[in-house]
Amino acid sequence: MKISRDHERTPEETPREPTDDAAVIETSGLTKAYGRVAALKSLDLRVEKNSIFGFLGPNGAGKTTTMKILLGLSRATSGSGAVFGKDIATEDFEIRRRVGYLAQDPRYYGHMTARETLRFAARFFYSGPEKAIESRVEESLALVGLSDRADRRIRGFSGGERQRLGLAQAQINAPELLILDEPAASLDPMGRRDVLEIMERLRDERNTTIFYSTHILDDVQRVSDSVAILQNGRLLAHAPIHELLSTDGSGAAVYEIHIGSSPEEALEAARNRIRSQNWISALEETPGPGGEKTWLVKTTDEAAAEENLLRLALEEKSIKILGFGRKRQSLEEAFFDLIEGGGDET
Amino acid sequence: MKHKESATEQATGRSSEEHSPLEPAEGSLNGFRNLLGKENGEWTSGFSLIAHGAIWMLIVAIISVVIAFIRGQMEPGYSPRDINDAGLLMFFVLGTVASVIAVVAGTQGAIIGEKQLGTAAWVLSKPASRRAFVLAKLAVHFRWLLTVSLAFPATAFYVLMTAISTLPPPPLAFLGGFGILALGLLFYLSLSLFLGTVFESRGPLAGCVFGFMVAGFMIANYAPEVTAAFPWLFFQSGFYLVSQQTIPLYGLVSIPATALWSVLFIILAMRRFERAEL
């Protein structure tokens, strides 16, 4: 896992490496400044083909800015990027042919119906035949459950209906890459579940790569293959989700040892023995009920910990070990660890 | 969301592609026709077309004709040609002012509104040409503004004036005068679209377009030679063309100059919008 605490590279030192086949999105030193305000600071990102990539961060972190730069709607101040190996600065038109995009607060033309909106979107990609376009429109309406409201003007649509329409228009061109900016916002729990299911189906059945931002961490944990966490325009973490959840905010693996009521001398000896290992970076003890204790042991060498950590603890015969295992944190814990740990920069 | 059972085909869109392959849209102005349809739809779907039509018919045609009628009643010595001249002067003055007001009312939000709402970002996240986005607005707004603020009122005015004075104004010259007003409308429209790529809110745009017209009327009194470069005295050129079959020298210069300014504003609008952050 890559944990980025600070990017020291200057914008001038950001040549783009060639993109290989497996990366759909690749950025190098991508930077965006609005006057003196840096919205994005030297972002290095890589999104693998056929994956669901969760892009997380508080409001104002730079997520939407990144998406707009990838689509050519905004220009990077420095750095570079490629989508499908095509340069985002010079080949954005070609990129948009193969991408679907759902904006954070999608707005469409109020005088159009849902059907007309999808037809309008489809005609940017296809010149005909009309029957095939209409067929695609019908399928898209059915996909998001808007068939019964297809001929209603969208001026009167609720936020959730607009969001569904947004998903339908984003996939109207059967895109290889879907960029979704908070796709589950303004949806009720069932709508959210349906959106996540559609995202998984698109990945599994059409091999679509999905790059999406959200604040709903449970959703990310449920469907994402990889995540990146951004704060104040700075990349804090970028890793497959299983790696992110099995390490703490600094990238160290964490093991948990549950100990029953045991003599203090034995515990002290075990603590000292564990702490003396050069692959142990920290040991924190949390008291539990009935004299139980939990040790959280951070290690820089997972293999050594897997092999030796329990053994070291058991060397004290009078210690009662109730449980041992690698600590799996929730995404919420990982997110707050990273955000609060990296929140000193403004 | 319904119909999840037929997930594969619906989600992948395979069924339609297998049975009837879609042809990719191509071209350097990709999306132009699509955007034309959208802009036309915006004009025709609401009340704006009817509202514009009624207002400009009343102001440009009816008021001009009524004034000519009253002048004819008040001055028994007026010939049919004098009555025509009284009506024509009002028509060209009101037509000039109407076209500027109509441009501001109809297009101040054409680009700025779409930038603020996010619809421009949505459209341009598709493979749509930014030049097509601007040109479609120019073409459709020109079409409808010309129709409602000048063409319909001009037709009504011509018919009513002929009925009142019993002498039809020379049709070709009247058509020429109409063409001059139409060029003036194009100038203010292209200026408005260009300013839409410069400003982020509507107020400065409206102020600049109105201010340009008002300033022109004032400048004409103090530095008349400057008016040759802009459409400020187009109402005089149109009036003289119809009533005297001649255009003053400043008018002969201002017509090509205005055409050039219009082209320049359109090019500048496209260039600025090409680089706009959405």
Side-chain angles (χ1 to χ4, degrees), chain A residues 34 68 71-75 93-94 96-97 99-101 103-109 111-112 116 120-129 131-136 138-140 142-148 153 164 166 169 171-174 179 190-191 194-195 197-198 201-202 205-206 208, chain B residues 1-28 30-35 37-46 48 113-130 132-133 274-278:
Chain A
Y34 295 101
K68 287 191 167 183
L71 286 160
L73 296 174
S74 183
R75 289 181 201 284
F93 192 84
E94 286 308 311
R96 290 198 299 271
R97 283 188 185 283
V99 175
Y101 172 59
Q104 188 173 355
D105 178 22
R107 296 299 179 99
Y108 308 104
Y109 298 111
H111 69 276
M112 291 185 184
E116 286 166 344
F120 177 66
R123 282 185 179 144
F124 288 111
F125 298 96
Y126 307 115
S127 61
K131 198 175 163 191
I133 290 178
E134 289 307 317
S135 172
R136 176 60 60 86
E138 287 299 334
E139 286 166 5
S140 299
L143 177 70
V144 298
L146 283 178
S147 296
D148 55 340
R153 288 202 176 176
R164 286 162 188 253
Q169 63 79 30
Q171 60 79 59
I172 197 82
N173 57 322
I179 296 179
M190 285 166 64
D194 292 342
V195 166
E197 282 180 10
I198 290 171
R201 285 211 317 263
L202 290 172
E205 298 168 7
R206 199 200 287 170
T208 305
Chain B
M1 298 183 193
K2 298 170 184 173
H3 310 292
K4 284 187 291 190
E5 294 73 21
S6 55
T8 307
E9 287 197 343
Q10 285 176 0
T12 61
R14 280 176 192 151
S15 59
S16 65
E17 281 185 286
E18 281 166 8
H19 300 307
S20 184
L22 287 155
E23 295 159 11
E26 303 283 353
S28 60
N30 193 36
F32 181 66
R33 277 187 59 189
N34 201 16
L35 288 162
K38 186 273 288 182
E39 295 289 344
N40 273 317
E42 280 190 338
W43 263 99
T44 55
S45 65
S48 74
E114 293 225 31
K115 282 197 287 189
Q116 288 173 336
L117 266 179
T119 46
W122 172 55
V123 166
L124 296 169
S125 71
K126 314 289 178 204
S129 152
R130 291 190 177 212
F133 189 87
E274 201 74 47
R275 298 195 299 267
E277 301 260 329
L278 298 169

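Predicted model only: the values in this text are computed from it and were never measured. In what follows, chains are A, B, ... by sequence order, proteins preceding strands, each numbered from 1.
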Quiz prompt | SB check Lys131(A) Glu134(A) (cutoff 4.0 Å) | solution = no
Quiz item: So which part of Arg33(B) gets closer than 4.5 Å to some heavy atom of chain A, the side chain, the backbone, both or neither?
Solution: neither
Self-check item: Top contributor to chain A contacts, counting heavy-atom pairs under 4.5 Å, from Ser129(B), Pro24(B), Gly46(B)
Solution: Pro24(B)
Self-check item: Option in Gly37(B), Ala120(B), Gly41(B) with maximal non-hydrogen atom pairs under 4.5 Å from chain A
Solution: Gly41(B)
Self-check item: Under 4.5 Å from any heavy atom of chain A - which part of Ala132(B)
Solution: neither
Quiz item: Is any side-chain heavy atom of Arg75(A) less than 4.5 Å from a side-chain heavy atom of Glu277(B)?
Solution: yes
Exercise. Answer yes or no: is there a donor N or O on one side and an acceptor on the other, between the side chain of Arg136(A) and the main chain of Leu22(B), under 3.5 Å?
Key: no
Quiz item: Does the pair Phe124(A) and Leu35(B) meet the rule for a side-chain contact (heavy atoms from CB on, under 4.5 Å), with working shown?
Solution: CA-CA 9 Å; Phe124(A) 288 111; Leu35(B) 288 162; 4.0 Å; yes
Quiz item: Quick one: are Gln171(A) and Ser140(A) in side-chain contact, heavy atoms under 4.5 Å?
Solution: yes
Quiz prompt | Under 4.5 Å from any heavy atom of chain B - which part of Gln169(A) | solution = both
